[in-house]
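Counting starts at 1 for both ligands and their atoms, in listed order. Just so you know, these numbers use all the heavy atoms, side chains as well, and skip hydrogens, waters and symmetry mates. A quick note: this is a predicted structure, and the numbers were derived from the prediction, not measured.
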Amino acid sequence: MTDFTMQKDADGVAIITWDTVGKSMNVMSRDSMALLSDLVDDALADDAIKGIIITSGKDTFAGGMDLNVLASIRDESGDNPAQGLFDFTMAGHHMLRKVERAGMDPKTNKGGKPIAAALPGTALGIGLEVPLACHRIFAADNPKAKIGLPEIMVGIFPGGGGTTRLVRKLGAMAASPLLLEGKLNDPKKAMAAGVIDEVVPADELIAKAKEWVLSEPKIVKPWDEKGYKMPGGAPYHPAGFMTFVGASAMVNGKTQGVYPAAKALLSAVYEGALVPFDQALKIEARWFTNVLMNPSSSAMIRSLFINKEALEKGANRPEAPDQKVKKVGVIGAGMMGAGISLVSALAGIQVVLIDSTQEAADKGKSYTTAHLDKGIARKKVTEEKKEAVLGLINATTDYAALEGCDLIVEAVFEDVGVKAEVTAKVQAVTGPDCIFATNTSTLPITELAKASNDPEKFIGIHFFSPVDKMLLVEIIKGKETGPVAVAKALDYVRQIKKTPIVVNDERFFYANRCIIPYINEGIRMVKEGVEPALIENAAKLVGMPLGPLQLVDETSVDLGVKIAKATKAAMGDAYPDGEVDEVLFWMFDQERLGRKSNAGFYAYDEKGKREGLWEGLAAQYPTAEDQPDLTTVQHRLLFAQTLEAVRALEEGVLEDIREGDVGAILGWGFAPWSGGPFSWLDIIGAPYAAERCDQLTAEFGERFKTPDLLREMADKGQEFYKRFGQQAKAA
Ligand code: NAD
């Protein structure tokens, strides 16, 4: 069995079929690339062959490059990894250029054999770059298929000729959302955008491609003909000039300058547009290598692709039989319960949604109705699908309906007594194998498990709000939680297509533990007289999606007050955040509760649109004459989160740094360019991090104290991924 096979038929058409062994979706590896090249050589050299079709043996075309390959090439290239990556990229270009030229005479463009790509479904990354090198792209009329170049999402850009070809095909302006935002389209939209050429009924895909291949079509690409002009104009053309000025501003606006891939992409497009096609490919390869050599890109690939996928596939799942959920009971139909019901029913799981009144239960279910109605309006959901999904949710007050549930997710009020009462009521109905999960965000799991008749089957499954949008789910093991409960939670998270991390039970678990110090540091700076705009912009310029003050407004000042009071009660004199509370409680007293009251650290218009930072803040907390420099503010904000992550590792709350990094990016948007807090420490180096913490401690206080682990690693010159990564674990 090999990844590509070729069949030559009696009409003289060679059909090359991509079918990656042992994978549900095709991915390109080094070996498969060489194999495809050999098959194309064979077909081009065979006089009996008139044309070629490249298709897939699966119901999708391809998911992209195996990104592990890029990491391994860098590692294998010895002293000169850049050369290794560049040579690999150029080898890809040569192969695809061979497909594109297909044996044509270089001078006259005569001869050559037509090559069609026939895509049965999704075609992403190199899975679209191969078709873009072909002469015509056919796609099956499959609305679920996604077609596009999403590389930018993991910190690289299309380096298999996709950048150069798409810009030459569509023009820089039309190609920009596809390249810079990684926008994916269904086949019809991809055709309307000019990315593919024809959408045909699925059962006629190969026949239509074959008909075209045998029709003696013109195959020379526009950019290989004399007088080619780039659509929308090249950069030196007035219209093209405007495009690039605009694109450059847009990229910097969107990325705040912290994502190397977006800038490199723009450079590859701009410089490539000034030179002939083959040179443009070389420029693309140079910039691609430049990006791959940037530590940010490798950290992003590692966290957002390799490790995210490993966690989703159950990297930390204990040995246990399949725990797929068939019937889930969701208790509490408020904001969280409604979202949990929605994502469960969408995954085909039967849901019993319970609240104390029928009205509240129905209201929870109506969240799913509204979600599906929106889908119908956007033509993404059919009426039948809506009926089927709603049919899975039984909204009721009757606990007896929970009989037969194999998982319970409790999302009632954040109150130990209420939760204990619910636990007992549920367990009176459910069987001994049912796993009970709580969605608490602040209460210790071990404590809540005391209300359970079987703490081994009691666990935390912590969703983030809004449940349907947030990708991370934090699974929390109480002291007595057993492996089957962990496996159940992981299998459930996999069913609802989210990314899990598994952590141990300490105050605020992992995500909230790290995000609270970030918010607090922002508020503390307000108290010190740092310009609020400096705080917010410093956060964004270092890649945080929201500044700390905006984040308070979004999550609400009263929630902050509630958490502060509870934490203070639990910690007593050791409570370190009195200064923060002064500002927070004052905001509360002013009834500036954040977005929900249309008034917070920011001002809002009456429709709820955020305007600017609230000027009244300065009257209470005047800004100081001397303002700190940008880097100091950024370091305070980043170290506040990162040191908490290190402490969570030290204390064993985190058992795997991959979870620390992936959880940070997906859970609260920790500067994704960095790959997460541990990756960031590896980028800046433990010695520098420890030195910087010493300075911050001297200037701002003990909360920046270098954790022992970091100090030790600084002294030994260690890196987190070398010491705690998978290779270290395997050794
Ligand atoms: P919510 O107030 O919107 O909903 C709670 C629901 O529980 C209400 O509909 C209430 O009627 C119902 N309820 C209360 N007591 C009940 C009982 N005895 N039996 C049945 N139903 C009962 O609250 P929420 O924001 O959905 O939060 C629920 C849980 O999720 C809390 O533990 C909270 O800490 C946690 N959580 C919240 C968020 C968030 O952002 N809101 C995020 C993560 C976790």
Between ligand 1 and the protein, which N/O pairs fall short of 3.5 Å?
from     : atom 1 : to     : atom 2 : distance (Å)
ligand 1 : 3 (O)  : Met335 : N      : 3.0
ligand 1 : 9 (O)  : Gly334 : N      : 3.4
ligand 1 : 9 (O)  : Asp355 : OD2    : 2.6
ligand 1 : 11 (O) : Asp355 : OD1    : 2.6
ligand 1 : 11 (O) : Asp355 : OD2    : 3.3
ligand 1 : 19 (N) : Tyr399 : OH     : 3.4
ligand 1 : 21 (N) : Asp355 : OD1    : 3.4
ligand 1 : 26 (O) : Met335 : N      : 3.3
ligand 1 : 26 (O) : Met336 : N      : 2.8
ligand 1 : 30 (O) : Asn439 : ND2    : 3.0
ligand 1 : 32 (O) : Val412 : O      : 3.3
ligand 1 : 32 (O) : Glu414 : OE1    : 2.5
ligand 1 : 32 (O) : Lys419 : NZ     : 2.7
ligand 1 : 34 (O) : Glu414 : OE1    : 2.8
ligand 1 : 34 (O) : Glu414 : OE2    : 3.3
ligand 1 : 34 (O) : Ser441 : OG     : 2.9

*With Asp577 as reference, evaluate Arg524, Lys568, Arg703 under the side chain to side chain donor-acceptor pair (under 3.5 Å) test and give the passing residue.*
Arg524
*asked:* Ring-plane angle category for His462 and Phe509, please: parallel below 30°, perpendicular beyond 60°, tilted otherwise.
replied: perpendicular
*Please confirm whether Lys565 makes a cation-pi placement over Phe585, using NZ or CZ under 6.0 Å from the six-membered ring centre and within 45° of the ring normal.*
yes
Donor-acceptor list for residues 391-401 side chains, cut-off 3.5 Å, not counting sequence neighbours:
from   : atom 1 : to     : atom 2 : distance (Å)
Thr396 : OG1    : Asp398 : N      : 2.9
Asp398 : OD1    : Ala400 : N      : 3.0

*Would the Trp614 and Tyr604 ring centres measure less than 6.0 Å apart?*
no
*Please confirm whether Phe436 and Phe458 have ring centers closer than 6.0 angstrom.*
yes
